[in-house]
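Notes for the one structure printed next.
Side chains are part of it too, since the values below use all heavy atoms of this structure and drop only hydrogens, waters and symmetry mates. No experiment lies behind these values; they were computed from the predicted model shown.
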Amino acid sequence: DGVSGLRSINLSDPDSPVQSDIVACANQAKGVAISGDFAFVAAGGAGLQVINISNPLDMVDGGYFTNDGDLAYVGSVTISGDALYLAESGSGVAVFNIANPSLPVFVQHLATGSWAQDVFSTETHLFVLDGGMKIFDLTTPLAPSEVSFTPLSGSGLRVTSKADRAFVACSDGLWIYGVGDPAEPLEIGHLDDWDSCKFATSSASGDTVFVAAGIQGLYILDATDPAEIETIGSFDTIQAALHILYSDGLIHMCTSGEGLKIYQIDPH
């Protein structure tokens with residue numbers, strides 16, 4: 001939650017979310033990834049912050065890890081197994097070993113271009129937005145190997161991947177790529193119905209896509225045929241929609257000024 005840090009929220013009753021605890025950050029909390037009982041926060045200029053969340057009612061700050069101050073500004077974090085990856089602005093991607101989650105060990109800087117905007121990992125591949133979309137093979141998670149680079153027509157902001165598809169939120173809309181062969185990504189769909197596309201994710205099948213469209217709110221898309229994407233629902237927001245998590249039929253959306261909003265999608 002930006003300058004406020006990391007918040008834990010009880011969602012056992014989605015109609016009445018209850019904040020459980022908050023841990024402050026030395027800089028802006030830009031992203032969070034969970035592994036077991038630990039939350040790993042991309043804490044902007046403060047580096048990587050580790051927080052024990054085994055008791056969400058009383059989270060415990062485990063400190064910051066900056067590789068002796070060597071990390072640049074970090075804006076995104078993702079985890080695959082015992083490997084953690086940070087989008088590290090002008091330095092590319094920082095790789096950490098989190099086999100001991102309370103004491104992450106810096107492994108290497110992964111050069112990715114000029115400015116790493118975002119990272120997203122699956123069990124097998126790492127997606128990086130840096131002057132385009134780069135895909136790395138994670139056969140050796142602590143030593144990713146680049147398998148492809150795809151130029152983007154606009155500035156890539158955020159990337160996610162489900163069901164052999166990559167969803168890239170760009171300055172010029174949503175782009176969908178087929179990544180069944182990560183060495184040969186194929187552009188299969190594009191939609192530019194908004195002034196701003198901040199983030200996009202999908203259902204497990206990749207057919208239903210959820211877009212955080214900035215000040216234009218939440219959009220739900222049918223991308224069964226990604227060449228003919230259809231809008232099937234939308235909700236206005238007062239402040240900008242920035243990020244979405246879809247889980248168990250619920251859409252959890254973070255906004256710039258209205259906090260966390262939860263929507264239920266009609267399965268029919």
Side-chain angles (χ1 to χ4, degrees), residues 1 6-20 31-34 39 56 76-79 118 120-123 127 129 156-180 187-268:
D1 187 20
L6 178 71
R7 298 178 184 266
S8 58
I9 299 171
N10 187 326
L11 297 176
S12 56
D13 180 1
D15 290 324
S16 300
V18 178
Q19 180 172 292
S20 300
V32 59
I34 305 297
S76 179
V77 57
T78 189
I79 292 171
D118 193 30
F120 181 87
S121 61
T122 65
E123 291 184 359
F127 296 78
L129 294 185
L157 303 176
R158 303 299 299 268
V159 58
T160 60
S161 180
K162 296 277 185 68
D164 290 337
R165 292 179 175 182
F167 304 90
V168 183
C170 283
S171 58
D172 60 350
L174 168 68
W175 293 85
I176 303 177
Y177 294 88
V179 292
E187 178 191 321
I188 58 176
H190 175 229
L191 191 65
D192 187 13
D193 282 0
W194 324 283
D195 295 332
S196 176
C197 180
K198 298 295 188 182
F199 185 85
T201 188
S202 77
S203 58
S205 67
D207 291 335
T208 306
V209 182
F210 310 95
V211 174
I215 60 172
Q216 288 169 278
L218 166 68
Y219 277 73
I220 305 171
L221 312 175
D222 180 356
T224 305
D225 178 1
E228 297 289 341
I229 302 171
E230 297 182 14
T231 297
I232 55 177
S234 65
F235 289 89
D236 292 332
T237 53
I238 297 173
Q239 300 290 332
L242 299 177
H243 195 280
I244 292 172
L245 171 69
Y246 177 68
S247 178
D248 296 329
L250 296 178
I251 304 165
H252 308 78
M253 186 173 71
C254 290
T255 69
S256 60
E258 294 177 273
L260 174 68
K261 301 174 77 71
I262 303 175
Y263 301 86
Q264 185 170 34
I265 187 170
D266 182 345
H268 303 293

Run the numbers on Phe127 and Thr122 for side-chain contact (heavy atoms from CB on, under 4.5 Å), then give the verdict.
CA-CA 8 Å; Phe127 296 78; Thr122 65; 4.1 Å; yes

Return each pair, listed once, that meets salt bridge (Lys or Arg N to Asp or Glu O under 4.0 Å) where at least one residue sits in residues 220-241; pairs must be two or more places apart or across chains.
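Counting only pairs at least two positions apart or across chains, no salt bridge (Lys or Arg N to Asp or Glu O under 4.0 Å) contact touches residues 220-241.
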
Summary of salt bridge (Lys or Arg N to Asp or Glu O under 4.0 Å) pairs that have at least one residue in residues 6-15, sequence neighbours excluded
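Sorted pair list: Asp1-Arg7.
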
Can you check whether [Y]'s main-chain N or O pairs, donor with acceptor, with [X]'s side chain at less than 3.5 Å?
| X | Y | answer |
| --- | --- | --- |
| Asp118 | Val159 | yes |
| Ser8 | Pro56 | yes |
| Ser202 | Asp207 | no |

To check you understand the geometry: which heavy-atom pair defines the closest contact between [X] and [Y], and what is its length?
| X | Y | result |
| --- | --- | --- |
| Ser196 | Gln216 | N-OE1, 4.0 Å |
| Gly206 | Phe167 | O-CZ, 3.7 Å |
| Ala200 | Thr160 | O-OG1, 2.8 Å |
| Gly156 | Cys170 | CA-SG, 3.8 Å |
| Ile229 | Ile176 | CD1-CD1, 3.8 Å |

With Lys198 via salt bridge (charged side-chain N to carboxylate O under 4.0 Å, His left out) - residues at least two apart:
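With neighbours one apart ignored, the set is empty.
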
Can you list everything that forms a salt bridge (charged side-chain N to carboxylate O under 4.0 Å, His left out) with Asp193? Sequence neighbours excluded, please.
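Scan of Asp193 (salt bridge (charged side-chain N to carboxylate O under 4.0 Å, His left out), adjacent residues dropped) gives none.
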
Might you work through the side-chain contact (heavy atoms from CB on, under 4.5 Å) test for Val209 and Leu191, ending with a clear yes or no?
CA-CA 11 Å; Val209 182; Leu191 191 65; over 6 Å; no

Who pairs with Asp164 by side-chain contact (heavy atoms from CB on, under 4.5 Å), at least two apart in sequence or on another chain?
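Result, side-chain contact (heavy atoms from CB on, under 4.5 Å) vs Asp164: none returned.
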
Only pairs under 3.5 Å count here: list side-chain donor-acceptor contacts from residues 237-253, not counting sequence neighbours, and write none if there are none.
residue: Thr237; atom: OG1; partner: Gln239; partner atom: O; Å: 2.7
residue: His252; atom: ND1; partner: Leu245; partner atom: O; Å: 3.3

